[in-house]
Colleague: 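Dropping a structure here in structure tokens format, bear with me for questions.
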Amino acid sequence: MSEGADFDAPVRASPPPGTLVLQLGSWEGPLDLLLTLARAQKVDLAQISILALVDQYLDFIREAKALSLELAADYLVMAAWLAYLKSLLLLPKDPEAEPDPAELALKLQFQLQRLEAMREAGQALLARPQLGWDMFRRPNPEGLAEDRRAVYDCSYYDLLSAYGAITARRTRSVHVVRRRAVMALDEAMERLEHLLGRSLDWTELSRFLPGDLRDESYARSVLASSFVAALELTRQGKATLSQGAAFAPILLKARHDG
Amino acid sequence: MDDPQDLALTRALEAILFAADAPLTLTDLTRHVGERGDLLPALRALAASYAPRGINLVERGGRWQFQTAPDLGHFLRTARETVKKLSRAGVETLAVIAYHEPVTRPEIEDIRGVAVSGGTIDVLMAAGWVRPAGRRETPGRPLQYATTPEFLAHFNLASRRDLPGLADLKAAGLLDREPPREVPLPLGGREE
Amino acid sequence: MDDPQDLALTRALEAILFAADAPLTLTDLTRHVGERGDLLPALRALAASYAPRGINLVERGGRWQFQTAPDLGHFLRTARETVKKLSRAGVETLAVIAYHEPVTRPEIEDIRGVAVSGGTIDVLMAAGWVRPAGRRETPGRPLQYATTPEFLAHFNLASRRDLPGLADLKAAGLLDREPPREVPLPLGGREE
């Protein structure tokens, strides 16, 4: 490509009749241009003369005007490659040549055929009936509903054991009271008053307690309740309390006023 | 429909009605197919030819439309069932309702010793096992709950009398079970 | 369709396909009608019974759908219906993907002899006709592209086998990646 000066030349006002309109922008790349040139040979691509095609392409690039550089790069690379291919093809046949020029030419021919096939396929697709133009679907189908229904899993055993658990929870609280048995204050007062009625002398409080207190926590409860009962009876004026010293035995006797 | 002329008109009407986004009047249809005389006989013949199918052509208030046959609605829904385990609170509440129905929510809370969230009863109602059963004629007129026939069916019970009594539960060892993992909150506490 | 059993199934399939808002696979249909053995014969019989009508039942890429007959489009197009025109590059790229799928972008560029702008494939994907179809297990693991069932549905193709001229192109070796080696080259033979 030595005609660099031509790139700055003004665009031809009108092309001479019978020539291609030379505007690179109207091709989808060099292969497209090559294919267009090949179609101009008006023969089956399988029969095409690669040498003639190379010459046409190189002529075209030489003639091309208004070549913007970024657009031109691909075309120039192709031109260089074609010039190289042409030189290989014109040299005397060398069986050792690598790459084999015949194979390169074959590949170019294949590419052209394949591109043309895809072009025609695209047109054949567009010629088919199309949805939204030829065929229509229902515009507002009701759609198929999918109910996401939760199914709850609960076995009969789950149900009964739950009720068992609730019942057990409620009855357990009664057990608790029984196990931690206490002598209630009323009971202690009733008992103490009853026993005191017969004893007119000072008597140790501990002697009023039941004799067989094996359960230690119950014994403590009895002692505490009886002590409080003794205080209460004294307050009510039904008994008199006495203690010689701190931690000495507590003495108790009935009081009979009037 | 043997006459090619008729067939062409019928096919056009079919396609127009199928692709329409609303039911069409005779005027609408005429605008689409052009002036072709009375469309009514063609529409009636078309409707008759669709009558045994799963799609029907029907006229409603002078407007024509295709719709699915009314007896096939159940095919248009699929139930994707997801199995959920009833929560412990749910099972217990269900058990209390079953044993004590009709029972009010405060009573359920009293028996369970735990506050019952509204969601728990909602779930039992959604499952179809519990229903509201009138109001108790006491101050505040609280709503009562009871079980449903589906409840009996689900647990394969002929009637509520088939529920084992406390003695049966005890005999079956169901009263001696370990305390539940969920520690009951004092009344007034909140469930999960 | 004389067997009442068959008729019931056929009617159900009709209603389901009519109401569906997207083409349905055999799996979708089975979910709605329940397990009834092979649905394909029933669908084929149904499609045959609709073939002469203005509504057709068609299979497109393994999905079944009702649509209007392709020759009736002129009754249905409204003035505001404008088809988005695909660019020349778009049409060509679509053809390359359809006939060569799965195909990588460098392969598309090699076939078209020009760099494919990102926008071209985007437009095809936005139209729902092209989808990424995994990576090629070669160095660089390039992404591959393929067409979708919607592409087949749009161009009224039952399957890729119905692509126009596919068999001929295949036989001519034009869908291969490399030129057929055994073809004799008419090198420069026709120079004037």
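Here the structure is a predicted model, which is why all the values come from computation and not from measurement. So that the names make sense, note that chain A is the first sequence line, chain B the second, and so on, each numbered from 1. Computed from heavy atoms alone, side chains included, the values below leave out hydrogens, waters and symmetry copies.
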Colleague: Is it true that atom CG of B:Asn156 has more than 12 heavy atoms of other residues, nucleotides or ligands lying nearer than 6.0 Å?
Modeller: no
Colleague: How about residues 25-36 of chain B versus chain C: which residues have heavy atoms under 4.5 Å apart?
Modeller: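 The stretch touches chain C at B:His32, B:Val33, B:Arg36.
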Colleague: Verify the neighbour count for atom NZ of B:Lys84: are there more than 12 heavy atoms of other residues, nucleotides or ligands below 6.0 Å?
Modeller: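 Not more than 12 within 6.0 Å, no.
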Colleague: When rounded to the nearest 0.5 angstrom, what is the spacing between CG in C:Asn56 and CD in B:Glu14?
Modeller: 9.0 Å
Colleague: Is the charged tip of B:Arg53 near the ring of C:Tyr50: under 6.0 Å from the six-membered ring centre and within 45° of its axis?
Modeller: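 Output yes; distance and angle both within limits.
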Colleague: So which atom in B:Ala15 and which in C:Gly54 form the shortest heavy-atom distance, rounded to 0.1 Å?
Modeller: CB-O, 3.7 Å
Colleague: Based on non-hydrogen pairs under 4.5 Å, which of B:Gly73, B:Ala12, B:Ala19 is most in contact with chain C?
Modeller: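 Option with the top pair count is B:Ala12.
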Colleague: Give me the atom names and distance for the closest heavy-atom approach of B:Ile16 to C:Leu76.
Modeller: CA-CD2, 3.5 Å
Colleague: Using a heavy-atom distance cut-off of less than 4.5 Å, which residues of residues 63-72 of chain B contact chain C?
Modeller: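 Counting heavy atoms that sit under 4.5 Å from chain C, the residues of residues 63-72 of chain B involved are B:Phe66, B:Gln67, B:Thr68, B:Ala69, B:Asp71, B:Leu72.
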